[in-house]
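Some notes on the structure that comes next.
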Protein chains: 2
Amino acid sequence: MRVTIRDVANAAGVSAATVSRVLNRPDLVDSETLDRVRSVMEMMEYHPNAIARGLSVRRSETIGLIVPGITDLFFNELYKGIDQESQRHGLKVLLYDSEHSRERALEGFSFLGGYQVAGIIFTSKLVTEDYDPILQRLDIPVALTLTQRTSKTPLPAFRVDDVRATFELVAYLVSRGHRQIGMIAGKQSDDSTGQLRLRGYEQGLQHFGIPFDPRLVEYGQYRFDDGYAAMQRLLDKQPDITLTAVCAAADEMALGAIRCLNDHGLRVPEDMSVVGFDDLPIARMVTPRLTTVAQPFADIGAEAVRWLVEAIADNTTSAEVGDYFLPHRIVERESVRTIM
Amino acid sequence: MRVTIRDVANAAGVSAATVSRVLNRPDLVDSETLDRVRSVMEMMEYHPNAIARGLSVRRSETIGLIVPGITDLFFNELYKGIDQESQRHGLKVLLYDSEHSRERALEGFSFLGGYQVAGIIFTSKLVTEDYDPILQRLDIPVALTLTQRTSKTPLPAFRVDDVRATFELVAYLVSRGHRQIGMIAGKQSDDSTGQLRLRGYEQGLQHFGIPFDPRLVEYGQYRFDDGYAAMQRLLDKQPDITLTAVCAAADEMALGAIRCLNDHGLRVPEDMSVVGFDDLPIARMVTPRLTTVAQPFADIGAEAVRWLVEAIADNTTSAEVGDYFLPHRIVERESVRTIM
DNA sequence: ATCCGAAATGTAAGCGTTGACATTTCCATT
DNA sequence: AATGGAAATGTCAACGCTTACATTTCGGAT
């Protein structure tokens, strides 16, 4: 049987309330008592029961995190940012993997609710209107990361400006002499991010007077194999179309595209330039090092936590709601060739 | 205010105990009552409070997971395996990142203890004797993954046979005509896995009558940059030593080594063969695809959970303790050249 | 010495569940 | 109709902690 607050109290010759106070409001207890109780705690190896505390104060010092998939390569950085910032505020994070399923994501909310989380960070490709009922009923703050809000419920969204970033990526390519630029975009139907990046691509072309050709864009679900397959389809359209560069909506897809090109005996960047999106840790590990736009995943996570902490403190379920754009950055490496 | 079990009870005209029973022992309640209570729950959107339940039954349906670092590339797979198997048993996993620090790892135990976890999966480079006091005092089962037990406390360890696997890797290299094989090993001092793999390397050489030359081995801490630096040191020793292949103790270090080689204008596998260890998802994404030994991370995690579940049920803190070797597998890809 | 307010500590109820035990209901026997 | 026992339900304390409120202690001002 673990040692409880009462055991400590008895051993120290005080009441449980006093022990509780040395834990939570040490300023309220006599310095002598404080020392005594503390040393007793030490001696007895007392560790407060977070569950009991949670029940008593009616909320745990915990925030929930719902992610679409643990194995998504961006997950690690995002989690790191969230975890570290949470710790700074004495919060614990409870993880929930929605496995890219809408139903599981929805379940996630009530699951986390059962754990009395003080707030929830939600990451997903998409937040649609079917979330509204749940969201509305939730009496704890929710922050979105890496997603655009599309539901009616006002929710803050922490992300980069995907349109702008992709626009700049195209501009970068153009500045290197490219005019025939393909796109491997995110699956449109179920994903707002994919749409935003595609729009950025279109705007980029338009801005430089390059006509948009739908044949130059293929779609995928952000994974390596999707990138590979999309590149393959692009290649199959030759010689109908010709490309000097491909812009992928995610690093993983960019790697897939590169692999596909390599398998066809094409070299990057000599024969084809490829850019990605995300700047995953692996982007700098591969050959050629991938030119891409960096998303500050850790900052995005940390920022979301900060917002949550504030919202929790204010007891508003919606502090300053809106889109919070975090700065992206084009990381120039080796996967783009300059055309004269 | 969330709806509680008593609210449901009132609304359904039964006692809280009955509601509790429909939740936990539906067989004990009249089918009519069952339906009624259930529909009331539905209607009121009742979600049981896991915290209160945990306090009442004196343990949460939760297991703790302590990992050395979230950003370690193998983490995702391991977590996935653990999470999925846990779910199957109605368990939730609570994550704790020790950030590669011994102190934090130790803290992890009491932290998780505070959450009344029913068991703990511990992953780390090293479990030394200083863990013993804590481990011994813990009244919940603990399973190790990816680590060898070095502490006195008997703990089950789920991992691959590192010695054997590295041995086979060397054998593979030899079968491809290599005799001058370098090694990028794990930092010896603080890491048993590193030692095991080095031993496998030595045994491999010995088995094939190749003299062991300490100048051919360099050390790193498993990260990309360590691999890069170690490869650099190896290269610097030329022409004192000559190498046709390098065996890295981790995929990430193998990638670092490859980058280093590339930066020196050397091609893999034409100029140098490289093998890794882990078979991370990225191993198949890079060019050349990395030949490596696959660790079944997900299975390792799942297996550990299964053991834990059993130990929890048996209420032994140590069911069948010992080393559980999971099958590894050499994955032959493109980073090794056959020498005639 | 006396009194007062502040400081320190104690008391006890309550957080939402569960589970041992007690009570009631119901049905099959007789 | 009476009875026994199983089935269904209810009562209440307990889980470990916090917190509002009550009580005691203390030090200074009178």
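Naming: A, B, ... by sequence-line order, numbering from 1 per chain.
- Mapped onto DNA chain D by nearest heavy atom, R6(B) and Q116(B) fall at different nucleotides, with R6(B) at the one closer to the 5' end.
- With sequence neighbours excluded, no residue forms a side-chain hydrogen bond (donor to acceptor under 3.5 Å, both in side chains) with S86(B).
- For the pair M41(B) CE and dG16(C) P, the interatomic distance rounds to 15 Å; values are reported in whole Å.
- Here the straight-line distance linking atom CD1 of I140(B) with atom CZ of F109(B) works out to 8.5 Å at 0.5 Å rounding.
- Residues satisfying the side-chain hydrogen bond (donor to acceptor under 3.5 Å, both in side chains) criterion with E45(A), sequence neighbours excluded, are R137(B).
- Axis deviation across the helix from dA1(C)-dT30(D) to dT30(C)-dA1(D) amounts to 50°, comparing end segments of five pairs, rounded to 10 degrees.
- The separation between R25(B) atom CZ and dT18(C) atom P is 13 Å, rounded to whole Å.
- For S20(B), the side-chain contact (heavy atoms from CB on, under 4.5 Å) partners are I5(B), N24(B), not counting sequence neighbours.
- The distance between atom CD1 of I5(A) and atom C1' of dC15(C), rounded to the nearest whole Å, is 15 Å.
- Residues forming a side-chain contact (heavy atoms from CB on, under 4.5 Å) with R88(A) (at least two apart in sequence, or on another chain): E85(A).
- The side-chain contact (heavy atoms from CB on, under 4.5 Å) test applied to P296(B) returns V160(B), D299(B), I300(B), L326(B), not counting sequence neighbours.
- Atom CG in D7(A) sits roughly 10 Å away from atom C1' in dG16(D) (whole-Å rounding).
- A heavy atom lying under 4.0 Å from DNA chain D marks the following residues of residues 43-51 of chain A, by number: Y46(A), P48(A), N49(A).
- The interatomic distance linking E32(A) (CD) with dC26(D) (P) rounds to 11 Å, in whole Å.
- Among K92(B), H89(B), Q116(B), R53(B), the one residue that satisfies the side-chain hydrogen bond (donor to acceptor under 3.5 Å, both in side chains) test with E61(B) is R53(B).
- Note: CG (N24(B)) to P (dA20(C)) measures 12 Å, nearest angstrom.
- In the interface, the side chain of S20(B) is not paired with the base of dG19(C) through any donor and acceptor atom under 3.5 Å apart.
- For R223(B), the side-chain contact (heavy atoms from CB on, under 4.5 Å) partners at least two apart in sequence or on another chain are T71(B), D72(B), D226(B), E252(B).
- Annotation: ring pair (Phe, Tyr, Trp, His ring centres under 6.0 Å) contacts of F111(A) (sequence neighbours excluded): Y96(A), Y115(A).
- When distances run from any side-chain atom of R58(B) to the nucleotides dT18(D), dC15(D), dT17(C), the shortest one goes to dC15(D).
- Within the structure, salt bridge (charged side-chain N to carboxylate O under 4.0 Å, His left out) pairs that include any residue of residues 11-20 of chain B do not occur (at least two apart or interchain).
- Under the rule for a side-chain hydrogen bond (donor to acceptor under 3.5 Å, both in side chains), D35(B) has no partner lying at least two apart in sequence or in another chain.
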Check: Reading nucleotides 5-10 of chain D 5' to 3', which nucleotides get B (base under 4.0 Å from a protein heavy atom), which S (sugar-phosphate only), which -?
Finding: ---SBB
